[in-house]
Number of protein chains: 2
Amino acid sequence: MPELLSRRELNKAATRQAITDAALTLLRAQGPGNFTVEEIAESAGISRRTFFNYFSSTEAALASMTHGFLDNALQQFRQRPADEPILESARAALMQLADPMTVAPLAELFTLTQDNAVLSRSELEAWDHCTEEIISAARERFAGNPGAVVDELYLRALAGSVISCGKAAMDVWFAQCGADLSPASLAVLRQLLIDAMGHLGSGFGHPVPAAGPSATPTTATTHLLKERL
Amino acid sequence: MPELLSRRELNKAATRQAITDAALTLLRAQGPGNFTVEEIAESAGISRRTFFNYFSSTEAALASMTHGFLDNALQQFRQRPADEPILESARAALMQLADPMTVAPLAELFTLTQDNAVLSRSELEAWDHCTEEIISAARERFAGNPGAVVDELYLRALAGSVISCGKAAMDVWFAQCGADLSPASLAVLRQLLIDAMGHLGSGFGHPVPAAGPSATPTTATTHLLKERL
DNA sequence: CATGAAATTACACTACGTGCAAGTTTGCAC
DNA sequence: GTGCAAACTTGCACGTAGTGTAATTTCATG
């Protein structure tokens, strides 16, 4: 069987996909909290018990999209050259995400779960998980540096701040553009990500930066980033 | 009866306290996830239903301690002069928390729930809630500035980063010192908070941090740690 | 003390999440 | 193909979470 994936793995992937599809469909139709695991299972053509073999809860099933999104970002990050400044790597990784295919599921999920406490919990967890992953990635990168003692505080503070800035950019973007995925909207998102990382890179030195989602990068872009733009 | 608190309010506060005490006691004795709401209620001398009148879940009851801790920090933040740089206000507010009475409950809670997924969720939620509160506080502060358009991205990125750095400092502290609340340990915590805010204020320019605003932060930290280990 | 508001309680009910013991499908060797 | 073992699914049962509701108790006030 010269396929890359065995039949078993294909079936599992299909089932997993069917579950998340069903969950998203129900979320669209009924709104958050207004449907049960049993309905998801029925809609996905499986038993209630099998659902729990794949996901530990409804929120986990939905949060798998966020996880996919963030794993994608992390993959981008790991591919950056090791001698690049971390902030620049993060900026580049985040930039890859301002892409219709990538943000579409997340954008919709965000608009649908905006005001729901239970669901946004899982989102928080996903972001936190990504933070931990970035810490690992950054630690590995520094570990390549011989003789350098890795400063755990620096790592954690930096990774947390990067994620916070990415999250802030997406929050502002959602608030401004909703689920709009037009090129103009995505350009806004890119600029927000750039600006957020710029603020971070410059130590948040400008309390009132000149705002403008237009083509001109705001004054907040730092020397460090300007070098590369 | 011109008491500051009516009998009703006193009773409610006492019940609330009894619940959190009971939950913490059970957490100590049985470990996370190994006790039920019914046990908490019984131990607190109330009915199961009454428990849910106070807290929506076991985790919520335990997370109320974290909320208290962070509300305290927020209160400190709001009391800072409005013309002070935000980062300095945040640093000062966080500094007030490196106090035995304040961190003690949080430290124990942290060590007890270290490896528990469900409980750390509520902790995440508490930190996120505090972030939102800081955003509000900072927005109010800027709103006092006439004619200034508040940059939502700046606010959210900054608040998120500040919280992330505070969290990073506490994570590192817990990892290094456990639940140790000795003066030396608290000094380490203070220094970690200072260093984290220093990193943030300098745009994370130094992979191996060297210069701080005063004295020699990093060496001071390691020195203190060496003393204890 | 009487009365109404607020809090507690018992009860019932739905849904969640899990262990277990079947049954079913897939992979692999013969 | 046949047989077998491992992986996967399913139904069932059980304990627990969380909530609506109505009855009961506690507290403040006239």
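Protein chains get the first letters and strands the later ones, always in sequence-line order, with residue 1 at the start of each.
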| request: Report the residue (A:Arg8 or A:Asn53) whose heavy-atom-nearest nucleotide on DNA chain D is the more 5′ of the two. | output: A:Arg8

| said: If we ignore hydrogens and angles and just use 3.5 Å, is the side chain of B:Trp173 paired with the main-chain N or O of B:Ser185 as donor and acceptor? | reply: yes

| task | Could you check how far CG of A:Leu10 sits from P of C:dT26, rounded to whole Å? | result | 11 Å

| task | Starting at atom CZ of A:Phe35, determine the distance to atom C1' of C:dC16, rounded to an integer number of angstrom. | result | 14 Å

| query | Counting N and O atoms only, with roles assigned by atom type, does the side chain of B:Arg141 sit under 3.5 Å from a partner on the main chain of B:Glu84, one being a donor and the other an acceptor? | reply | yes

| Gap between atoms CZ and C1', on B:Phe55 and D:dG18 respectively (whole Å) | 16 Å

| task | Indicate whether any N or O donor in one side chain lies under 3.5 Å from an N or O acceptor in the other, for A:Ser47 and A:Thr50. | result | yes

| said: Nearest whole Å is fine: how far is D:dC8 P from A:Glu9 CD? | reply: 8 Å

| Side-chain donor or acceptor of A:Arg49 under 3.5 Å from a matching atom on the base of C:dG17? | no

| request: State which of C:dG17, D:dG18, D:dC27 makes the closest approach to the side chain of A:Phe52. | output: C:dG17

| said: Using whole Å, what does the distance between atom P of nucleotide D:dG15 and atom CG of B:Asn34 come to? | reply: 17 Å

| said: Would you say A:Asp21 and A:Gln17 are linked by a side-chain donor-acceptor pair, where the criterion is simply a distance under 3.5 Å? | reply: yes

| Hey, is the side chain of B:Thr50 poking within less than 4.0 Å of OP1 or OP2 on C:dT8, counting only N and O atoms? | no

| field | Closest listed nucleotide, where the reference is the side chain of A:Asn11 and the choices are C:dT26, C:dA7, C:dA10 | value | C:dT26

| query | In whole angstroms, how far is the P atom of C:dA7 from the CD1 atom of B:Ile19? | reply | 13 Å

| message | Please check this pair: side chain of A:Arg48 against backbone of A:Glu38, looking for a donor-acceptor N/O pair closer than 3.5 Å. | response | no

| field | 5' priority, DNA chain D, between B:Thr36 and A:Tyr54 [closest heavy atom] | value | A:Tyr54

| query | What integer distance in Å separates A:Phe51:CZ from D:dC12:P? | reply | 20 Å

| said: Please report the distance, rounded to the nearest Å, between CZ in B:Arg121 and P in D:dA17. | reply: 16 Å

| query | C:dC16, C:dG27, C:dT8: which one has an atom nearest the side-chain heavy atoms of A:Ser6? | reply | C:dG27

